[in-house]
Novice: 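Pasting a structure here, questions to come.
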Amino acid sequence: MNYYYYILNGKQEGKVTAEEFGRLGLPVDTLVWCAGMKEWTPARDVAELQPFLDAGTPPPPPGGGQTPPPYGQQVNNSGQAQYGGGRSQYGGQQGQYGGGQPDRATMAAQRTNYLVWAILATVLCCVPTGVASIVYANKSNSAFELGDYEQAEAANKNARLWLFISVGLGVVGGILSFAFGFMSALFG
């Protein structure tokens, strides 16, 4: 019996049987790998998986076992991993050993998006600095979508800076407003 590993949202998952894979209800172009395969292959091209595709019910959690090579890494005929070998047919990424730039899904999961906070700061605290925060948050999102991660990170830092300035001005304004109101009620 073969156990399959698969790529879901840019992350390696698995050790499932063909039947369990089918119950996951994943798209037929999901990349899979099992012992004996040279590289990651779309599920539709694996004969053992074809009868089980589109089954729909999720399986129980998988157990341990043989670990497949990292995504983008190829295996030679003797079953040995080849590091840095060739271009992947599906992702266009060069296989690398020991790192490289993380994939888009990993970066998106680690990235903080300040757009919602910037909007709230604009509405609740200080309009001019809140608008600046919104502008930088949008620049960050646009740069990230275009794959310019350095520019996205720089704009994200500016969005955070203007967000903090906006909140700080809102807090100071609230304290001053309370103090003047209190004094006015006390002495007025």
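What you are looking at is a predicted structure, and each value in this text was computed from that prediction instead of being measured.
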Novice: Quick one: side-chain hydrogen bond (donor to acceptor under 3.5 Å, both in side chains) partners of N141, sequence neighbours excluded?
Specialist: R111, N113
Novice: Side chains of V32 and P42: does their closest heavy-atom pair fall under 4.5 Å?
Specialist: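 When only atoms from C-beta onward are counted, P42 and V32 do not touch, as no gap falls below 4.5 Å.
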Novice: Could you check whether any side-chain heavy atom of L115 comes within less than 4.5 Å of a side-chain heavy atom of N138, counting everything from C-beta outward?
Specialist: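 Result yes, sub-4.5 Å side-chain heavy-atom pair found.
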Novice: What are the two closest non-hydrogen atoms of A137 and A159, and how far apart are they?
Specialist: N-CB, 3.5 Å
Novice: Spell out, as yes or no, whether a donor-acceptor pair under 3.5 Å connects the side chain of T17 to the backbone of Y3.
Specialist: no
Novice: Counting heavy atoms not belonging to Y6, are there more than 12 under 6.0 Å from its OH?
Specialist: yes
Novice: Could you tell me if the side chain of W40 sits less than 4.5 Å from the side chain of Q12, heavy atoms only?
Specialist: yes
Novice: With clusters defined by side-chain heavy atoms of hydrophobic residues (ILVMFWY) lying less than 4.5 Å apart, directly or transitively, does W117 cluster with I119?
Specialist: no
Novice: Is it true that a side-chain atom of S142 and a backbone atom of K139 form a donor plus acceptor pair closer than 3.5 Å?
Specialist: no
Novice: Between V46 and M37, is a side-chain contact (heavy atoms from CB on, under 4.5 Å) present by the stated rule, with each step listed?
Specialist: CA-CA 10 Å; V46 178; M37 295 176 74; 4.0 Å; yes
Novice: Does the side-chain contact (heavy atoms from CB on, under 4.5 Å) test come out yes or no for T30 and F21, once each step is laid out?
Specialist: CA-CA 10 Å; T30 301; F21 180 83; 4.2 Å; yes
Novice: Mark yes when over 12 heavy atoms from residues, nucleotides or ligands other than Y114 sit less than 6.0 Å from its OH; otherwise mark no.
Specialist: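 Atom OH in Y114 is packed in, count exceeds 12.
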Novice: Using only atom types and a distance under 3.5 Å, with no angle test, would you say the side chain of S133 pairs donor to acceptor with the backbone of W162?
Specialist: no
Novice: Should T112 and R160 count as side-chain neighbours, where that means a heavy-atom distance under 4.5 Å?
Specialist: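 SC-SC contact between T112 and R160 ruled out.
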Novice: Between W33 and Y5, how do the two ring planes meet: parallel, tilted or perpendicular, split at 30° and 60°?
Specialist: tilted
